[in-house]
Amino acid sequence: MKLINKQTIIAALVGGVSALALTAGGVALAHGGPHGRGGPWEPGKMEEHLAELTERLDLSPAQEQQIGAIMAQAQAEAANIKEMPRGKEKFVAMKDLHFSAEDQVYANLSCEQREELRLLKREHKVERMQQHFERKHGSEEPQN
């Protein structure tokens, strides 16, 4: 029997947490955000998100306008999806909308901007995971 080393266990845990985070994120989108609070499709959030993208990715005015239009269209479609009854169909529709909008945004970016957006998404994911951990375990520092 082969022994499992520490790195393998850590990699499995990180992979599991990532899968759960992606699943929870999709469910949160389908249900209006984490714990029912406004999600990324809310008007104020969309404006904040576009402003952050404009600054962080150094979007041109044309790119900002195009991405703003993509986000507005996605927001309108999300409003229709939110009216659907809970279930797999609603979840799939929201995920499809998310991926479609993301593809359209990426199509309007340069290679450098795409890479910067990937980094930004990772940062946001880490922030959400930290916030989740703090909600569950308080703001205690882990002891080694």
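Below, each value reflects all heavy atoms present in this structure, side chains not excepted, and no hydrogens, waters or symmetry copies. In what follows, residues are counted from 1 in the order of the sequence shown.
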Nearest 0.5 Å, please: how far is [atom2] in [Y] from [atom1] in [X]?
X	Y	atom1	atom2	value
Asn108	Gln66	CG	CD	4.5 Å
Glu134	Met129	CD	CE	12.5 Å
Leu117	Arg122	CG	CZ	11.0 Å
Arg128	Gln131	CZ	CD	9.0 Å
Leu50	Lys45	CG	NZ	15.0 Å

**Asked** If only atom types and distance count, is the side chain of Gln113 paired as donor or acceptor with the main-chain N or O of Leu57 below 3.5 Å?
**Response** yes
What are the two closest heavy atoms between [X] and [Y], and how far apart are they?
X	Y	result
Ala93	Met84	CB-SD, 4.2 Å
Leu53	Leu59	O-CG, 3.7 Å
Lys82	Met94	CG-CE, 4.2 Å
Leu109	Val105	CG-O, 3.4 Å

Considering residues at least two apart in sequence or located in another chain, which fulfil the side chain to side chain contact (heavy atoms under 4.5 Å, CB included) criterion with [X]?
X	answer
Gln65	none
Glu77	Gln73, Leu97
Ser100	Gln104
Val92	Lys88, Asp96

Inset, instruction - Identify, with sequence neighbours excluded, every residue that meets salt bridge (Lys or Arg N to Asp or Glu O under 4.0 Å) alongside Glu115. - result: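 Partners of Glu115 under the salt bridge (Lys or Arg N to Asp or Glu O under 4.0 Å) test: Arg118.
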Q.
Run the salt bridge (Lys or Arg N to Asp or Glu O under 4.0 Å) test against Arg56 and tell me which residues pass, sequence neighbours left out.
A.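 So Arg56 forms a salt bridge (Lys or Arg N to Asp or Glu O under 4.0 Å) with Glu116, Glu123.
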Subject >> Working for side-chain hydrogen bond (donor to acceptor under 3.5 Å, both in side chains), residues His132 and Glu127 >> reply: CA-CA 9 Å; His132 176 75; Glu127 287 172 11; over 6 Å; no
Checklist entry - Does Tyr106 belong to the same Ile/Leu/Val/Met/Phe/Trp/Tyr cluster as Ile67, with side-chain heavy atoms less than 4.5 Å apart forming each link? => result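 Same hydrophobic cluster.
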| message | Would you say CD of Glu89 has more than 12 non-hydrogen atoms from neighbouring residues, nucleotides or ligands within 6.0 angstrom? | response |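 No - once you tally the heavy atoms of other residues, nucleotides and ligands closer than 6.0 Å, there are 12 at most.
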